[in-house]
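To keep things clear, I will list the structure first and then write my remarks on it.
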Amino acid sequence: MSNLISILDVGDDMDLLLGSAEQLKSERHISNPPLRDKSLAMIFEKSSTRTRVSFEVGMTDLGGHALYLGAKDMQLGRGETVSDTAKVLSRYVDGIMYRAFSHDMMLELADNSTVPVINGLDDLEHPCQVLADLLTIKEHKGHIAGLKVVYVGDGNNVCNSLMLACLMAGANFIVACPPSRLPDPGLTKMAEGMARSKGLTFEITHDAQTAVIDADVIYTDAWVSMGDDIEEDEKWALFGDYQVNSDMVSKAKPDHLFMHCLPAHRGDEVTSEVIDGTNSVVFDQAENRLHAQKAVMLWLMG
Ligand code: CP
Ligand code: NVA
């Protein structure tokens, strides 16, 4: 049995998953749905629009059923352990999608579950998001290998998964972030090793203006992630130089893609002009969550 806890879990199946997602996108409603009679439990400790709706609709498209479980409404919210929760849910359902505050809780759930576990975001990674992102890049650029992808902003969960995913797919990757908001050190080491072995560029810089020169893709995310807390003044002092605005994107290639996992905070990490501009593909990314996750569910539960 496999899980999707880290984007690294995809391993050599990246092409297979992206190909399956493309196929599922071209034929939204399959005549003989492959996950008929299967159920997916979806535990949410944090808010969600895209992850919740795309998993639920995706499961319906594939003939199965998804259950929304708000952690506060579960006994989990009253002190039942995550390991007991995993053991109980495994007796009812065929897969568990978990949006967790902590990566340790994610691992504990996976360790105690006898059905596949899918990470729907935790404080370390957001693998489902970056699969949809690769699909989006492939659709718009025709390929991923050899592109220059620049992530600007907070070295957070999305950044961690994205740097690994892009390197796995053969793209060069730059993180431009404040010195105190670096991506995870362990995953950074893995990214460095992967880049070395594949002959790709991987760099962390604090100079966003230089990093975005000739970029094929500029990606940003919220300056303050769910569960993080930061004062307004401190936020601007830390991230002000990392706002993706018209001036910044003018340094990228004219046909660059602007990407954001959403939800966006217009006027903070990105200006409306950029996110609503012709280079922006943010709503394609949101749509592709559905198709990429259907591929993931087939891969793990089919
Ligand atoms: N991008 C993303 O995961 O969005 P939600 O928080 O709305 O699920
Ligand atoms: N980094 C953001 C992503 C939201 C989808 C967060 O964790 O809140």
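Atoms within a ligand are numbered from 1 in the order they appear, just like the ligands themselves. On a predicted model such as this, the values are computed, not experimentally measured, just so you know.
Residue Asp207 qualifies as enclosed at atom CG: its count of foreign heavy atoms under 6.0 Å is above 12. Few gaps surround CD on Glu203; more than 12 heavy atoms of other groups in view lie less than 6.0 Å from it. The local environment of CE in Met190 is sparse, with at most 12 non-hydrogen atoms from other residues, nucleotides or ligands closer than 6.0 Å.
The residue Ala222 has no part lying near ligand 2, judged by heavy-atom distances below 4.0 Å.
By the side-chain contact (heavy atoms from CB on, under 4.5 Å) test, Thr60 is found to be paired with no residue, residues two or more places apart in sequence or in another chain being considered.
Both Met42 and Leu300 are part of a single hydrophobic cluster, where members link through side-chain heavy atoms under 4.5 Å apart. Hydrophobic clustering, with ILVMFWY side chains joined whenever heavy atoms are under 4.5 angstrom apart, groups Leu162 together with Val296.
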Subject >> Trace of the salt bridge (Lys or Arg N to Asp or Glu O under 4.0 Å) decision for Lys189 with Glu192 >> reply: CA-CA 5 Å; Lys189 277 216 165 59; Glu192 284 164 351; 5.9 Å; no
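Residue contacts with ligand 2: Arg99 is placed with no nitrogen or oxygen under 3.5 Å of a nitrogen or oxygen of the ligand (distance criterion only). For ligand 2, the polar-atom distance check finds an N/O of Met226 within less than 3.5 Å of one of the ligand's N/O atoms. Taking distance alone, with nitrogen or oxygen atoms compared against 3.5 Å, Lys46 stays at or beyond that limit from ligand 2.
For atom 4 (C) of ligand 2, the closest non-hydrogen atom on the protein side is Leu121 CD1, 3.8 Å. Protein heavy atom nearest atom 7 (O) of ligand 2, with residue, atom name and distance: Asn157 ND2, 2.8 Å. The single protein non-hydrogen atom nearest to atom 3 (C) of ligand 2 is Asp221 OD2, 3.6 Å, given as residue, atom name and distance.
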In residues 144-153, what donor-acceptor pairs under 3.5 Å come from side-chain atoms, sequence neighbours left out?
| residue | atom | partner | partner atom | Å |
| --- | --- | --- | --- | --- |
| Lys148 | NZ | Ala211 | O | 3.1 |
| Lys148 | NZ | Ile213 | O | 2.5 |
| Tyr151 | OH | Asp154 | O | 2.7 |
| Tyr151 | OH | Asn156 | OD1 | 3.2 |

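Interface of Asn156 with ligand 2, defined as ligand atoms under 4.0 Å from a residue heavy atom, comprises 1 (N).
Closest of all the heavy-atom pairs between Asn288 and Lys25 is OD1-NZ, 2.8 Å.
Among residues at least two apart or in separate chains, ring-ring contact (aromatic ring centres under 6.0 Å, His included) pairs with a member in residues 42-63 are Phe44-Tyr68.
In this structure, Leu262 counts as a contact residue of ligand 2, since one of its heavy atoms falls inside 4.0 Å of the ligand.
For ligand 1, residues of the protein lying within 4.0 angstrom by heavy-atom distance are Ser48, Thr49, Arg50, Thr51, Arg99, His126, Gln129, Cys261, Leu262, Arg289.
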